[in-house]
Amino acid sequence: MSEISKAYEPQSVEDKWYQFWLDGKFFVANEHSAKPAYSIVIPPPNVTGVLTLGHVLNNTIQDILCRKARMDGKEVLWLPGTDHAGIATQTVVERTLKKSGEIKHRDDLGREKFLERVWEWKEKHGGIIIQQLKKLGASCDWTRERFTMDPEYSRCVQRVFVDLYKKGLIYRGKRMVNWCPASLTALSDEEVTMKEQRGFMYYFKVEVAEAPGTFLTIATTRPETIPGDSAVAVNPKDPRYAHLIGKHIVRPLPVELPREQKLIPIIGDEHVDFAFGTGVLKVTPAHDKADFEIGARHKLAQIEVIDAKGQMNDAAGVDLRGLDRFKARKVAVERLVALSALEKEEPYTNNVGYSERADVPIEPRLSEQWFLKYPSVEKSRAVVAKGEMKFHPDRWAKVYDHWMGGLQDWCVSRQLWWGHRIPVWSLKITSGFWNYPAGFGPLQKLVAALRDDSPPNESGIEITLSGNGRTSFLHKPIENSDGTLTLFCATTHEEEAVELSKLGFTQDPDVLDTWFSSWLWPFATMGWPEQTETLKKFYPTTDLVTGPDIIFFWVARMIMAGYEYMGDPKFGLPDAMPFQNVYFTGIIRDKQGRKMSKSLGNSPDPLDLIAKFGADALRFGVMRAAPLGQDILFDEQNVELGRNFCNKLWNACRFRQMQGGEVQSEIEPTLLSTDDKWILLKLDAALREVTIALNEYKFSDATAVLYRFFWSEYCDWYVEASKAVLSSSSRRESAQTSESGGESQSGLTSAATNPRAANTLAVIDFVLSHTVRMFHPFLPFITEELWHGMGYATDMPENQGGKTIMFAPWPLPLDDDFKGHYGLDDCYLEMGDTKYDLVSQGRNLRRAANIGASKKIKYILKPVTFMPPHEVEVLKLLLNAETVELNADFLPGKGTLSARNNLGELHLPTEGLIDIAAEQARLNKDLEKIEAEIAKVEAKLANPSFTEKVPVTVLQEHQQRLAEWQGKRDHVKTALAALG
RNA sequence: GCGUGCUUAGCUCAGUGGUAGAGCAUUUCCUUCACACGGAAGGGGUCGCAGGUUCAAAUCCUGCAGCGCGCACCA
């Protein structure tokens with residue numbers, strides 16, 4: 001702050017200090033530190049993503065928590081990193097390559113070449129979001145940055161997969177999965193969102209084969225799947241249809257098939273709701289989850305009619321073959337009409353599952369995938385239910401519990417290339433396999449293992465093929481329908497993989513769901529499975545800050561992984577749970593309440609906002625608008641307000657700079673004014689409130705307190721009042737040039753020679769140095785600049801604020817000793833408040849008298865008790881008065897406006913300048929209000945049950961209030977009378 | 001259907017039993033020597049609706065309505 005600009009310019013400050021923090025290694029966590037640990041792992045953003053306002057919200061909160069923890073003397077680890085985001089990243093790269101005309105399909109490049117391109121893309125774009133987080137001021141330990149596809153991290157993923165496979169928790173199965181026809185991969189249930197869709201319900205009739213002339217009517221929304229129907233189901237209790245069970249109907253499609261090939265049975269199944277539709281359900285086991293289960297119960301054929309791309313296949317018949325499923329729906333309806341089978345169609349709205357990522361309807365599809373039965377479910381559920389791990393706001397605990405209570409196995413395989421390839425190798429064998437010549441080392445072992453019919457555990461056995469201590473896990477062979485066997489072997493070891501390949505095994509082509517890697521994040525980033533010092537020091541982490549939209553995707557799964565892998569006693573950790581507190585942010589929306597989205601274009605670029613207003617302003621604006629647990633409607637005005645606040649802080653410090661004088665000198669108790677005591681007590685209150693708000697994760701409350709304290713209390717009242725001291729002292733010595741080196745630009749200062757002024761500056765320094773520290777977690781850049789610029793760093797020990805405000809101690813509320821020593825009695829709060837209230841009233845009189853704000857005027861004060869000259873000086877200054885004349889016997893004449901409170905009466909003679917009628921109207925309005933209040937309180941006090949039952953303090957309060965209102969009424973009446 | 005949150009000033013939101021608050025917007029005045037990214041003074045609300053508990057309800061209870069979110073889902 002050598003040159004003090006009139007307005008704060010964040011651009012010239014922010015990059016400088018960020019580099020300073022990096023150079024000083026202030027973000028680096030020391031796992032050997034004796035300080036208590038505080039840790040957060042970042043929710044890893046998509047490596048090729050860019051910063052959004054959601055990230056700003058999320059990471060500002062984490063940064064506030066970390067910076068506060070550092071100031072509290074904790075050893076802080078904020079562990080950053082990025083996520084490989086399988087589908088999203090692969091899709092982006094694929095689309096880019098297609099756009100450039102380089103490929104038509106990723107097959108044109110092949111797996112390896114394609115992956116090379118994705119890595120190139122990652123190298124090019126991967127750093128962007130990290131750089132953006134730095135712009136925001138994030139105090140992450142960048143030396144520990146991790147990526148979910150780092151070699152060490154990938155090994156963790158493999159290790160966990162193989163371990164769960166060995167435990168029998170991961171299995172392969174042909175099941176109905178959520179298939180995304182756009183991304184051509186299976187998805188987990190969590191990646192499907194239900195959307196309302198307007199369509200039609202089609203009613204078509206079918207003939208009962210055994211009873212010609214008898215027809216059933218079937219209602220369906222998906223007539224294109226008729227060729228895939230292998231039964232018609234009715235409820236066995238349905239009297240309309242029960243007698244038909246066991247008979248057959250003739251399926252209308254495909255039309256070209258002979259009648260006998262289209263006969264499908266009528267079955268009875270409790271699943272059918274006979275109140276819905278016609279009570280007759282077409283069963284398509286290959287294309288509907290519920291139908292699949294009915295099919296399984298009744299051993300129905302699974303007829304696939306839709307392929308992976310969502311197009312009809314040959315089995316759908318000549319009419320539909322090759323058509324997209326939605327086009328096929330129209331054609332199927334046309335065919336039904338042509339057959340006179342369609343009875344009616346009605347507009348119908350139903351919910352359809354959409355792929356969250358690709359935004360296309362999911363196609364339920366039979367396919368072979370890897371599934372996981374979740375581990376450590378009970379512990380994970382209990383820890384939250386019992387409140388050992390706390391969710392904020394806690395209602396999310398219920399959501400979590402509900403989900404944990406209805407867990408479905410997790411489909412973890414994805415038909416993608418970008419991700420962690422599944423570490424399972426398979427080989428289809430025939431009987432000839434058993435006759436391999438003996439002595440062919442590894443193979444013999446394998447054969448021997450298999451011949452030993454009864455593997456030691458149910459799911460498989462551990463073997464070594466490479467012979468160097470590495471092992472693989474050989475799963476129990478799976479029998480195929482053609483009599484062959486498929487062997488599955490899982491390993492984390494390269495050498496074993498080589499051996500397996502030699503034997504003809506091939507690795508599963510699929511990769512794992514991205515969340516299968518990120519659920520290990522809290523410990524895989526800290527060196528697991530080694531027993532690292534980092535894990536010992538920083539696990540379990542303290543807080544997790546994330547959005548509720550990923551509570552199932554990520555939070556719940558991390559808890560389970562934590563228990564499954566960190567529960568091992570060898571770690572000697574106090575607890576296996578990955579974090580002690582989870583703070584769920586709101587979701588950022590635009591000011592119309594819509595979600596931020598690229599297609600709507602309503603998502604401002606945080607970097608633009610930083611460039612325009614500064615990072616501190618963005619942080620403050622977002623924090624101020626983000627109450628606990630509520631969605632945030634974002635408006636650029638919030639950021640503007642943040643900038644204004646920074647500017648206010650800047651200028652308040654600038655004002656102090658201009659006074660010169662010694663920095664942070666001792667405060668002399670005997671010289672403290674009521675204003676000094678008032679602001680010190682207000683500071684004390686603010687410190688308490690902010691500390692409490694932060695402990696409760698109430699960031700918007702905290703910013704509101706900062707704003708109120710600094711702007712409304714410190715700047716609006718204290719600084720203005722302090723000018724009475726600083727300027728009167730200068731007036732007394734007005735002829736003198738300041739001795740403090742020409743710094744007295746404003747002409748206010750002469751602190752060096754005036755002890756009162758010097759003491760005021762000491763109070764200002766005390767307040768500012770506390771304020772700047774209290775603001776630092778929220779506004780890291782400007783506070784670091786001021787900390788050094790104001791000279792507050794100089795007296796501090798090197799590691800406690802001397803070098804950087806980051807390690808300056810968090811300001812504690814004033815203790816009783818301090819208050820006693822400086823005479824900070826609570827009565828000064830009221831004295832200040834009353835004085836400032838009288839000032840406000842006095843200014844109001846000026847308005848009522850239509851006197852311009854800059855005109856110096858004369859007030860007469862009739863004080864209730866003795867009024868020290870200094871207080872009169874303050875009043876004079878705050879009222880912008882030429883004089884405030886003390887007159888205990890003043891009797892207001894006509895045209896004199898008056899205000900009063902407990903301090904006394906303030907009179908403003910107007911010499912007929914006022915609009916009498918307007919003033920009367922104003923006073924009458926006041927009077928009305930006052931009398932209404934008096935009536936209310938009197939009514940209460942007149943009620944015996946009130947006076948009998950109410951606590952004494954409340955009673956007294958009401959009595960006092962009545963007296964106050966009565967006093968006001970008398971005053972207004974007098975004023976009215978004075979007007980004539 | 002189940003769960004959950006919201007409904008308070010024109011807007012965005014605080015306020016969990018005892019005198020209705022903030023910021024923005026708005027009106028008027030002021031470019032007074034920290035700040036016009038500023039200062040001063042105003043105006044503006046029967047706290048979604050209906051009951052109940054209580055001396056006392058924006059606040060607690062019940063019901064209803066509207067908006068949002070999550071989960072489940074009937075073809």
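Just so it is clear, the values below take in all heavy atoms, side chains as well, and ignore hydrogens, waters and symmetry mates. What you are looking at is a predicted structure, and each value in this text was computed from that prediction instead of being measured.
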Within the 4.0 Å heavy-atom criterion, would you say [X] contacts the bases, only the backbone, or no part of the nucleic acid?
{"X": "A/E933", "value": "nothing"}
{"X": "A/R961", "value": "base"}
{"X": "A/V283", "value": "nothing"}
{"X": "A/K698", "value": "nothing"}
{"X": "A/D635", "value": "nothing"}
{"X": "A/T947", "value": "nothing"}
{"X": "A/C646", "value": "nothing"}
{"X": "A/K856", "value": "nothing"}

Could you check whether the side chain of [X] and the base of [N] have a donor-acceptor pair of N or O atoms closer than 3.5 Å, going by distance alone?
{"X": "A/K648", "N": "B/rC35", "value": "yes"}
{"X": "A/K723", "N": "B/rA34", "value": "yes"}
{"X": "A/E720", "N": "B/rA40", "value": "no"}

- Which residue pairs pass the ring-ring contact (aromatic ring centres under 6.0 Å, His included) test with at least one member in residues 618-638 of chain A, sequence neighbours excluded? A/F620-A/F645
- A/R843 (side chain) donor-acceptor with A/L878 (main chain) under 3.5 angstrom: yes
Could you state the atom-to-atom distance from [atom1] of [X] to [atom2] of [N] in whole Å?
{"X": "A/Y714", "N": "B/rC35", "atom1": "OH", "atom2": "P", "answer": "15 Å"}
{"X": "A/F634", "N": "B/rC13", "atom1": "CZ", "atom2": "P", "answer": "14 Å"}
{"X": "A/Q659", "N": "B/rC33", "atom1": "CD", "atom2": "P", "answer": "14 Å"}
{"X": "A/N644", "N": "B/rG23", "atom1": "CG", "atom2": "C1'", "answer": "11 Å"}
{"X": "A/I551", "N": "B/rU4", "atom1": "CD1", "atom2": "P", "answer": "14 Å"}
{"X": "A/F620", "N": "B/rG23", "atom1": "CZ", "atom2": "P", "answer": "12 Å"}
{"X": "A/E196", "N": "B/rG1", "atom1": "CD", "atom2": "P", "answer": "13 Å"}
{"X": "A/L641", "N": "B/rC13", "atom1": "CG", "atom2": "C1'", "answer": "13 Å"}

Suppose we screen for side-chain hydrogen bond (donor to acceptor under 3.5 Å, both in side chains). Which residues come up paired with [X], at least two apart in sequence or across chains?
{"X": "A/E720", "answer": "A/K723"}
{"X": "A/R381", "answer": "A/D401"}
{"X": "A/R589", "answer": "A/D631"}
{"X": "A/Y836", "answer": "A/D675"}

- Query: Where along residues 701-712 of chain A does a heavy atom come under 4.0 Å from RNA chain B, residue by residue in number order?
  - Reply: A/Y707, A/W711
Taking the [atom1] atom of each, how far is [N] from [M], in whole Å?
{"N": "B/rG45", "M": "B/rA22", "atom1": "P", "result": "15 Å"}
{"N": "B/rC61", "M": "B/rC2", "atom1": "C1'", "result": "22 Å"}
{"N": "B/rA25", "M": "B/rC13", "atom1": "C1'", "result": "14 Å"}
{"N": "B/rG51", "M": "B/rA65", "atom1": "C1'", "result": "15 Å"}
{"N": "B/rU4", "M": "B/rU19", "atom1": "C1'", "result": "35 Å"}
{"N": "B/rG52", "M": "B/rG44", "atom1": "P", "result": "32 Å"}
{"N": "B/rG66", "M": "B/rC49", "atom1": "P", "result": "15 Å"}
{"N": "B/rA14", "M": "B/rG48", "atom1": "P", "result": "13 Å"}

Can you name the salt bridge (charged side-chain N to carboxylate O under 4.0 Å, His left out) partners of [X], sequence neighbours left out?
{"X": "A/D238", "value": "A/R240"}
{"X": "A/E957", "value": "A/R961"}
{"X": "A/E224", "value": "A/R222, A/R329"}

- Query: Would you call A/K344-A/E346 a salt bridge at under 4.0 Å N-O?
  - Reply: yes
- Message: Just to be sure I follow the notation: if a pair is Watson-Crick (purine N1 to pyrimidine N3 plus N6-O4 or O6-N4) or a G-U wobble (N1-O2 and O6-N3), each under 3.5 Å, what dot-bracket string does RNA chain B give, with | for pairs to another strand?
- Response: ((((((((.[[[[.)..(..]]]].(((((.......))))).....[[[[[..)....]]]]])))))))....
- List the steps, then state whether salt bridge (charged side-chain N to carboxylate O under 4.0 Å, His left out) holds for A/K925 with A/E928. CA-CA 5 Å; A/K925 202 176 163 192; A/E928 232 172 84; over 6 Å; no
OP1 or OP2 of [N] less than 4.0 angstrom from a side-chain nitrogen or oxygen of [X], does that happen here?
{"X": "A/S840", "N": "B/rA41", "result": "yes"}
{"X": "A/N844", "N": "B/rG42", "result": "yes"}
{"X": "A/K936", "N": "B/rA20", "result": "yes"}

- Task: Identify which nucleotide among B/rC30, B/rU4, B/rA41 has an atom closest to any side-chain atom of A/R843, counting heavy atoms from C-beta outward.
- Result: B/rA41
- Item | Pairs satisfying salt bridge (Lys or Arg N to Asp or Glu O under 4.0 Å), at least one member in residues 705-718 of chain A, at least two apart | A/K682-A/E713, A/E689-A/R708, A/R708-A/E713
- Base versus backbone protein contacts along nucleotides 66-75 of chain B [heavy-atom cut-off under 4.0 Å; B, S, -]: ---S-SBBBB
- Query: Between A/L955 and A/L941, is a side-chain contact (heavy atoms from CB on, under 4.5 Å) present by the stated rule, with each step listed?
  - Reply: CA-CA 8 Å; A/L955 185 62; A/L941 288 170; 3.7 Å; yes
- For A/K929 and A/I632, take the nucleotide of RNA chain B holding the closest heavy atom to each; which residue's nucleotide lies nearer the 5' end? A/I632
- Item | Toward the 5' end of RNA chain B, by each residue's nearest nucleotide, A/K6 or A/Q637 | A/Q637
- Regarding A/N235 and A/D273, is there a side-chain donor-to-acceptor distance under 3.5 Å anywhere? no
- Message: I'd like to know whether the aromatic ring centres of A/F391 and A/W396 sit less than 6.0 Å apart in this structure.
- Response: no
